[in-house]
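Below: the structure, in structure tokens.
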Amino acid sequence: MTDTLSTIKGRTSANNFDTTHVLSTAEIEELVSYAQHAPTAFNLQNWRVVAFSSKAQKEALKAAAYGQQKVADAAVTFVVAGIKDGYKEIGRLAKPLLDAGAIDQAAYDGWVGMTVGSHENNPQLQHDEALRSGSLAAMTLMLAAQAKGYVSGPMSGFVPDQVAKVANLGPNEVPVILIAVGRAADGNWPRKPRRALKEQVAVV
């Protein structure tokens, strides 16, 4: 295990994976459990993953990802999906805090009302929040993989409709990103150059 800052600086996108490396169901679920701590607007937790670990399933996903070999070579390739109608679950998700006395009824009602009121008739917001939540979960998952000694390769190169079909996503789910995770093989590039810090920050 590494400290957080070393993990952030050590992670780089991998294309080459050890094809003999296998991750158990428990190990895959552990990675996702860390991603569960990623923040989401209103605590919607409006994302989920489909983990492709069998050879046949990875090959099917590879075909929907323009034939990228890392999809098949990695121990597991995740489809991170954002859930557009996740706002409908807010009453259930917020209730444990109400039951525990951490918030009162007024706070609960306000939380639920604001969530539903802002999302219910706003398909653009539903879509945007699904992408935001999925992206935050994806980054957290990749950092967890790095901390566990694995490498990861995120992919935006895929055919959304095909990925949705292969992953059996629902009509209100959108594929956000694919992430290949496993043990590194030879040939991966070192960290690619970053922009100068002054190009990406303004302190006002």
Side-chain angles (χ1 to χ4, degrees), residues 1-40 45 47-82 130-160 162-164 166-167 169 173-197 200:
M1 300 288 284
T2 60
D3 69 85
T4 302
L5 299 181
S6 296
T7 298
I8 292 170
K9 289 191 172 183
R11 199 215 67 81
T12 188
S13 297
N15 288 311
N16 299 304
F17 291 84
D18 178 355
T19 58
T20 68
H21 180 218
V22 175
L23 284 170
S24 68
T25 297
E27 289 170 319
I28 292 169
E29 290 178 344
E30 182 189 6
L31 289 176
V32 180
S33 76
Y34 293 114
Q36 287 186 299
H37 294 279
T40 55
Q45 304 169 60
W47 61 270
R48 71 182 184 98
V49 302
V50 181
F52 287 71
S53 60
S54 74
K55 182 177 180 180
Q57 292 298 318
K58 286 188 290 186
E59 285 293 338
L61 182 61
K62 173 185 167 183
Y66 300 111
Q68 294 181 79
Q69 189 59 38
K70 58 188 169 184
V71 173
D73 288 348
V76 57
T77 297
F78 295 94
V79 173
V80 180
L131 294 183
R132 275 190 282 266
S133 296
S135 296
L136 287 165
M139 189 69 248
T140 305
L141 192 155
M142 287 189 286
L143 290 175
Q146 183 72 21
K148 296 288 287 184
Y150 311 132
V151 294
S152 60
M155 289 161 273
S156 59
F158 57 85
V159 183
Q162 292 181 20
V163 167
V166 173
L169 301 184
E173 295 179 319
V174 55
V176 176
I177 198 167
L178 310 186
I179 308 172
V181 172
R183 185 180 296 146
D186 292 338
N188 285 309
W189 292 2
R191 175 174 290 281
K192 294 178 280 295
R194 315 321 270 182
R195 289 176 178 265
L197 185 60
Q200 295 190 291

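Nothing here was measured: the structure is a model prediction, and the numbers come from that model.
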Passes side-chain contact (heavy atoms from CB on, under 4.5 Å), Q200 versus R194? Steps please. CA-CA 10 Å; Q200 295 190 291; R194 315 321 270 182; 5.6 Å; no
For the pair [X] (side chain) and [Y] (backbone), establish whether a donor and an acceptor sit closer than 3.5 Å, ignoring hydrogens and angles.
{"X": "R48", "Y": "E173", "answer": "no"}
{"X": "D73", "Y": "T19", "answer": "no"}
{"X": "N16", "Y": "A185", "answer": "no"}

Among residues at least two apart in sequence or on other chains, which ones pass ring pair (Phe, Tyr, Trp, His ring centres under 6.0 Å) with Y150?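 Y150: ring pair (Phe, Tyr, Trp, His ring centres under 6.0 Å) contacts with H21.
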Would you be so kind as to tabulate the donor-acceptor pairs closer than 3.5 Å made by side chains of residues 131-139, with sequence neighbours excluded?
from, atom 1, to, atom 2, distance (Å)
R132, NE, E129, OE1, 3.3
R132, NH2, E129, OE2, 3.3
S133, OG, N46, OD1, 2.6
S133, OG, E129, O, 3.0
S135, OG, L131, O, 2.8

Least distance between heavy atoms, P190 atom then T12 atom: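 Minimum heavy-atom separation between P190 and T12: O-OG1, 4.2 Å.
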Of the non-hydrogen atoms in N15 and K70, which two are nearest, and what is the gap between them?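 Between these two residues, the closest heavy atoms are OD1-NZ, 2.8 Å.
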Show me, pair by pair, the donor-acceptor contacts under 3.5 angstrom made by side chains of residues 176-184, not counting sequence neighbours?
none

Identify, with sequence neighbours excluded, every residue that meets side-chain hydrogen bond (donor to acceptor under 3.5 Å, both in side chains) alongside [X].
{"X": "R195", "answer": "E199"}
{"X": "E30", "answer": "Y34, K148"}
{"X": "T20", "answer": "D18"}
{"X": "S24", "answer": "E27"}

With sequence neighbours excluded, what pairs up with A167 under the side-chain contact (heavy atoms from CB on, under 4.5 Å) test?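 A167 satisfies side-chain contact (heavy atoms from CB on, under 4.5 Å) with V50, F52, V79, L169 only.
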Holding to side-chain contact (heavy atoms from CB on, under 4.5 Å), I want the full list of residues that pass it with S13, two or more places apart in sequence or in another chain.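 With neighbours one apart ignored, the set is R11, P154, K192.
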Rounded to the nearest 0.5 Å, what separates atom CD in E29 from atom CD in Q36?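 Reported to 0.5 Å precision, the distance equals 10.0 Å.
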Which distance, rounded to the nearest 0.5 Å, do you find between the CD1 of I8 and the CG of D3?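 With rounding to 0.5 Å, CD1 (I8) is 9.0 Å from CG (D3).
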Please set out all donor-acceptor pairs under 3.5 angstrom arising from side-chain atoms of residues 55-66, sequence neighbours excluded.
from, atom 1, to, atom 2, distance (Å)
K58, NZ, A72, O, 3.3
K58, NZ, A74, O, 2.6
K62, NZ, Q69, OE1, 2.6

